[in-house]
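Since the structure comes first, as structure tokens, the remarks are kept for the end.
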Amino acid sequence: MTRIVANARWYAMRDFKKIIAWQKAHALSQATHDLAAQSRLSVSPGLRAQLLEAVKSVAANIAEGSGARTDAEFSRYLDIALKSASETENHLLEAAALGCMGRLEGDRLLDQLDEVKAVLFSFARSVRRRAGLK
């Protein structure tokens with residue numbers, strides 16, 4: 001009984017806003033939305049919509065996973081967030097190739113995305129280890 005109470009307390013105390021990977025993903029999402037509003041992404045509405053959904057999904061999956069009851073379940077959400085980060089990278093590269101954004105803006109977002117991916121990968125590895133997964 002004590003173990004269940006201790007786990008319930010830990011579960012209730014997990015706050016996604018304190019997770020550095022979420023903070024960085026959220027900042028990337030805001031920067032991407034700002035760029036989308038100011039760039040020529042409107043000429044490709046499908047790509048714009050996919051880019052914005054993918055970048056939002058990174059932070060959203062970290063937040064949603066933080067509510068998981070176990071580290072194994074949380075780990076699955078972090079893996080999805082990593083996949084969304086790769087999807088975001090694809091869309092940013094496509095937008096740059098199509099000339100929908102300036103090279104400097106695109107490079108800035110890609111650098112920011114690289115940092116998100118590195119922090120998220122490290123965090124996911126830590127959570128997997130804590131869960132006893134590979």
Side-chain angles (χ1 to χ4, degrees):
M1 185 73 170
T2 303
R3 184 174 182 177
I4 293 171
V5 171
N7 285 341
R9 191 174 333 121
W10 176 84
Y11 167 73
M13 290 175 30
R14 197 179 325 180
D15 181 359
F16 69 86
K17 295 179 296 300
K18 294 180 180 176
I19 298 171
I20 294 170
W22 178 86
Q23 294 169 2
K24 290 185 177 296
H26 180 70
L28 173 65
S29 180
Q30 296 302 307
T32 303
H33 276 79
D34 289 346
L35 177 69
Q38 300 168 6
S39 70
R40 294 177 300 209
L41 271 169
S42 60
V43 299
S44 183
L47 177 59
R48 181 182 187 278
Q50 287 181 313
L51 171 61
L52 295 178
E53 281 301 312
V55 75
K56 283 191 312 189
S57 182
V58 180
N61 275 291
I62 297 167
E64 187 175 355
S66 73
R69 290 183 177 256
T70 66
D71 281 338
E73 186 181 357
F74 189 17
S75 175
R76 284 192 294 276
Y77 281 94
L78 296 176
D79 287 342
I80 294 167
L82 281 164
K83 292 172 188 175
S84 293
S86 291
E87 181 183 1
T88 299
E89 182 176 11
N90 174 72
H91 296 325
L92 285 172
L93 291 170
E94 184 70 17
L98 293 172
C100 294
M101 66 178 74
R103 183 178 176 105
L104 289 176
E105 294 103 347
D107 286 348
R108 183 178 49 82
L109 287 178
L110 286 167
D111 288 345
Q112 199 173 349
L113 178 61
D114 284 344
E115 186 176 354
V116 168
K117 288 171 73 173
V119 170
L120 182 54
F121 182 83
S122 179
F123 181 56
R125 185 177 54 216
S126 173
V127 171
R128 277 194 301 277
R129 284 183 182 152
R130 207 168 50 218
L133 304 171
K134 286 187 174 183

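- Residues forming a ring pair (Phe, Tyr, Trp, His ring centres under 6.0 Å) with F123 (at least two apart in sequence, or on another chain): F74.
- S66 has its side chain within reach of I19: a pair of non-hydrogen atoms, C-beta onward, lies under 4.5 Å apart.
- When the side chains of ILVMFWY residues are joined at heavy-atom separations under 4.5 Å, either directly or via intervening members, V116 and I20 end up in two distinct hydrophobic clusters.
- Taking CZ from R130 and OG from S126, the interatomic distance works out to 5.5 Å, rounded to the nearest 0.5 Å.
- Hydrophobic clustering, with ILVMFWY side chains joined whenever heavy atoms are under 4.5 angstrom apart, keeps V43 apart from L47.
- Minimum heavy-atom separation, K17 to W22: CA-CE3, 3.8 Å.
- Note: T88 OG1 to L51 CG = 6.5 Å, rounded to the nearest 0.5 Å.
- In this structure, L133 places its CG atom where more than 12 heavy-atom neighbours from other residues, nucleotides or ligands lie under 6.0 Å away.
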Indicate every side-chain donor-acceptor pair of residues 24-40 with a distance under 3.5 Å to a residue at least two apart or in another chain.
from, atom 1, to, atom 2, distance (Å)
K24, NZ, E115, OE2, 2.6
T32, OG1, L28, O, 2.8
H33, ND1, S29, O, 2.9
S39, OG, L35, O, 3.1
S39, OG, L41, N, 3.3
R40, NE, G99, O, 3.0
R40, NH2, G99, O, 2.3

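- No single ILVMFWY cluster, assembled from side-chain heavy atoms under 4.5 Å apart, contains both L92 and V119.
- Applying the salt bridge (Lys or Arg N to Asp or Glu O under 4.0 Å) definition to pairs two or more places apart or across chains, those involving residues 78-89 are D79-R128, E89-K117.
- With rounding to the nearest 0.5 Å, the separation of CG in L113 from CG in L120 is 10.0 Å.
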Output side-chain donor-acceptor pairs under 3.5 Å for residues 52-61, partner residues at least two apart or in another chain, one line each.
from, atom 1, to, atom 2, distance (Å)
E53, OE2, K56, NZ, 3.1
S57, OG, N61, ND2, 2.8
S57, OG, S84, OG, 2.9
N61, ND2, S57, O, 2.9

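- Screening residues 94-104 for salt bridge (Lys or Arg N to Asp or Glu O under 4.0 Å) gives R103-D107 as the qualifying pairs, with residues at least two apart or on separate chains.
- Q112 pairs by the side chain to side chain donor-acceptor pair (under 3.5 Å) definition with nothing, not counting sequence neighbours.
- Of all heavy-atom pairs spanning V127 and S75, the tightest one is CG1-N, 4.0 Å.
- Note that the CD1 atom of I62 and the CD1 atom of I80 stand 11.5 Å from one another [nearest 0.5 Å].
- The two atoms that bring M101 and G106 nearest to each other are SD-CA, 3.4 Å, heavy atoms only.
- Between atom CD of residue E64 and atom CD of residue E73 there is a gap of 9.0 Å, rounded to the nearest 0.5 Å.
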